[in-house]
Amino acid sequence: MSAGRLAEVTALMQQYVDAGTIAGAAAGVARRGQIVYLDAVGYQDLESRTSMTDRSLFRIYSMAKAVTSVAVMMLWEEDRFELDDPVSRYLPDFSRVAVQDQASGSTRPPVREITVRDLILHTSGLNHRTSALYRDLGVRRRDMTMAQFIQNIVSAPLMEDPGTRYRYSEGTTVLGGLVEVWSGMPLDEFMDQRIFTPLRMVDTGFQVRTDQLDRLTTVYRRGDDGTLSPFEIEEIPFTERPDLLEGAVGLVSTVPDYLRFAQMLLNLGELDGARLLRSETVEMMIRNGLSDEVLAARPGDLGWGLGNVNVVMGTADSGGGPSGTAPSGGAPSGSASPGSASSTPSVGEYGWDGSAGTIFWNDPATETVIVLMWQNSPANPESLRQRLKALVHAAILD
């Protein structure tokens, strides 16, 4: 790796801080199992002028989905369930789901039941937590129990028959409930014992501990005038343990912690002697799992894997967000000035983001892991993600 090019990553992040676009950011890069870059710029909190550090805590939102998928697949390896089992076998309320007829407004039974595989691949027909329907029906709140959440989500109509369309959804929070059923443990305890402790992810969890409070970043929203103001996303803050442990969005973490998680995936299930999954299981998780019919409606050559990650299958050139765009990367090209490098797609690359400004990419071809975190809601600027990633790929010398 070129140390000079990596130093430009810091300069690039500082540009966005100086422009007032973000309060601060932290990023880390690992290559061939070694951390080659870890730095932070700006502020955790603008009002107190608390500096951002590489140990600052971030709400990672949908980057929690990959963690939940690891938990699910660990239990799959233990034969607790089959991927094509109907969800109603374990959560009986799911026998009541109905499909919304978009033309008449009436409902009907689905052509088949929702399976565990559907939940992971977002082909269940369930909707997203921010959809107008789920907001109007009060489907999800952090102060409700998992049982209440399940009752609410099955009472809302499915948007289409299971298996017919990729629709980014609350399916991963349902998966968290299934992990509790299959393991007999609360989701936070399972993740602590089976994932975070073995991987030495000391700062990741569903609640910010007292000893971590001074490292929690503030979420900001940009006003029409371009200024940043603190923004409360949740009624139940991450400083309190929520009643609903959400496998889809519920975790806080740090750049070093998530680097370790992502490196475990890149290593096909193992890190520093701790093996969480068989290599063949991870290989299945990081390749496309969507059918040809569902895949045809996805943008570009982008798949979705059982690891709850976007997968680059061919040429793709954009972002990594819930809109369905994918991480991009590959051979470096372009200028070495901060943020001006570009990169071509890397087939087989995978990753995902969080709605408040966090993202990770794993590139098996270059043996590279990139984690970037800031806290804006919405997460923009998208350009920072792609410019930073291009600089990292431009820093690869061999």
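Residues take their numbers from the sequence shown, with the count starting at 1. Below, all heavy atoms of this structure are taken into account, side chains as well, without hydrogens, waters or symmetry copies.
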Main-chain N/O of L268 paired to R275 side chain as donor or acceptor, under 3.5 Å
yes
Ignoring hydrogens and angles, tell me if any N or O in the side chain of Y220 forms a donor-acceptor pair with the backbone of L46 under 3.5 Å.
yes
Out of E189, E78, E77, which residue meets the salt bridge (charged side-chain N to carboxylate O under 4.0 Å, His left out) rule with R194?
E78
Which value, rounded to the nearest 0.5 Å, describes the distance between N362 atom CG and S346 atom OG?
11.0 Å
Connected via hydrophobic side-chain network under 4.5 Å: F238 and M144
no
Check: Q15 and L384 side chains under 4.5 Å, non-hydrogen atoms
no
Using the side chain to side chain contact (heavy atoms under 4.5 Å, CB included) rule, take D39 and D54 through it: C-alpha gap first, then chi angles, then the decisive distance, then the call.
CA-CA 6 Å; D39 206 357; D54 57 29; over 6 Å; no
Could you tell me whether the side chain of T197 and the main chain of D192 form a donor-acceptor pair under 3.5 Å?
yes
Sub-4.5 Å side-chain heavy-atom contact between F94 and E113
no
Would T115 and D118 count as having a side-chain donor-acceptor pair, cut-off 3.5 Å?
yes
Would you indicate whether E47, at its atom CD, is surrounded by more than 12 heavy atoms from other residues, nucleotides or ligands within a distance under 6.0 Å?
yes
If I take atom CG from residue L175 and atom OG1 from residue T68, how far apart are they, to the nearest 0.5 angstrom?
7.5 Å
D257 (side chain) donor-acceptor with V202 (main chain) under 3.5 angstrom:
yes
Stepwise side chain to side chain contact (heavy atoms under 4.5 Å, CB included) test for V36 and V29:
CA-CA 6 Å; V36 295; V29 180; 3.7 Å; yes
Counting distance only, does the side-chain N/O of E270 pair as donor-acceptor with the main-chain N or O of L277 below 3.5 Å?
no
Give the minimum heavy-atom separation between N288 and G303, together with the two atoms involved.
OD1-CA, 3.3 Å
Between V249 and M191, is there a shared hydrophobic cluster once you connect ILVMFWY residues whose side-chain heavy atoms come closer than 4.5 Å?
no
pair L388-I370: side-chain heavy atoms closer than 4.5 Å
yes
Quick one: which of Y61, Y258, Y168, F261 gives a ring pair (Phe, Tyr, Trp, His ring centres under 6.0 Å) with W352?
Y168
Please name the residue in the list V99, I114, T123 that meets the side-chain contact (heavy atoms from CB on, under 4.5 Å) test with D161.
V99
Decide whether a cation-pi geometry holds between R241 and F206; the criteria are a distance under 6.0 Å from NZ or CZ to the six-membered ring centre and an angle within 45° of the ring axis.
no
CG/L295 to CG/L121 distance, rounded to the nearest 0.5 angstrom?
11.0 Å
Report yes or no: do Q375 and R59 form a side-chain donor-acceptor pair below 3.5 Å?
yes
Determine whether the side chains of R141 and N152 contain a donor N or O and an acceptor N or O closer than 3.5 Å.
no
With salt bridge (charged side-chain N to carboxylate O under 4.0 Å, His left out) as the criterion, how do D84 and R112 come out once you've worked through the C-alpha distance, each side chain's angles and the decisive distance to 0.1 Å?
CA-CA 11 Å; D84 292 318; R112 67 162 174 81; over 6 Å; no
Do F231 and I22 share a hydrophobic cluster (ILVMFWY, side-chain heavy atoms under 4.5 Å, transitive)?
no
Apply side chain to side chain contact (heavy atoms under 4.5 Å, CB included) to the pair R49 and Y43, showing each step before the final yes or no.
CA-CA 6 Å; R49 310 301 283 181; Y43 300 96; 3.1 Å; yes
Minimum heavy-atom distance R222-G20, with the two atoms named
NE-O, 4.2 Å
The reported gap from OG in S124 to CD in E170 (rounded to nearest 0.5 angstrom) is 10.0 Å
Using a 3.5 Å distance criterion without hydrogens, assess whether the side chain of S183 forms a donor-acceptor pair with backbone atoms of V179.
yes
Is there a side chain to side chain contact (heavy atoms under 4.5 Å, CB included) between Y37 and T10 once you walk through the steps?
CA-CA 10 Å; Y37 175 86; T10 302; 2.6 Å; yes
Looking at W374 and A379, would you say the former's side chain and the latter's main chain have a donor-acceptor pair under 3.5 Å?
yes
Quick one, F196 and L251 - any side-chain contact, counting heavy atoms below 4.5 Å?
yes
Can you tell whether the side chains of E246 and R140 come within less than 4.0 Å, N to carboxylate O?
yes
What distance do L91 atom CG and Q151 atom CD have between them, rounded to the nearest 0.5 Å?
11.5 Å
pair F58-T254: side-chain heavy atoms closer than 4.5 Å:
no
Salt bridge or not for D101 and R108, using N-O below 4.0 Å?
no
Minimum-distance pair of heavy atoms, taken over all atoms of D45 and T218:
OD1-OG1, 2.7 Å
Short question: side chain of E293, backbone of T164 - any donor-acceptor pair under 3.5 Å?
no
Within 45° of the axis and under 6.0 Å from the centre of the six-membered ring of F81, does NZ or CZ of R89 qualify?
no
Which atom of V255 lies closest to which atom of G28, heavy atoms considered:
CG1-N, 3.4 Å
Identify the heavy atoms of S253 and I60 that sit nearest to each other, and give their distance.
CB-CG2, 3.9 Å
Side chains of H393 and W361, heavy atoms from C-beta outward: is any pair under 4.5 Å?
no
Quick one: do V139 and I233 end up in the same hydrophobic cluster if we chain Ile, Leu, Val, Met, Phe, Trp and Tyr together by side-chain heavy atoms under 4.5 Å apart?
no
Flag the pair D363 and R31 as a salt bridge only when some basic side-chain nitrogen lies within less than 4.0 angstrom of an acidic carboxylate oxygen.
no
Search all heavy atoms of S56 against all heavy atoms of T217 and return the closest pair with its distance.
CB-CG2, 3.9 Å
Spell out, yes or no, whether M63 and V252 are grouped together once hydrophobic residues are joined by side-chain heavy atoms under 4.5 Å, including indirect joins.
no
Please tell me if the side chains of L228 and R221 come closer than 4.5 Å, counting only heavy atoms from C-beta onward.
no
Does V72 offer a backbone N or O that forms a donor-acceptor pair with the side chain of W182 under 3.5 Å?
no
Report yes or no: does D353 contribute a side-chain atom to a donor-acceptor pair with the main-chain N or O of I359 at less than 3.5 Å?
no
Side chain proximity check, H122 to R167, heavy atoms < 4.5 angstrom
no
One should read off an interatomic distance between D214 CG and T50 OG1, to the nearest 0.5 angstrom, of 8.5 Å
Just wondering, more than 12 heavy atoms not from D225 lying within 6.0 Å of its CG?
yes
Salt bridge check, R80 against D85: does any charged N sit closer than 4.0 Å to a carboxylate O?
no
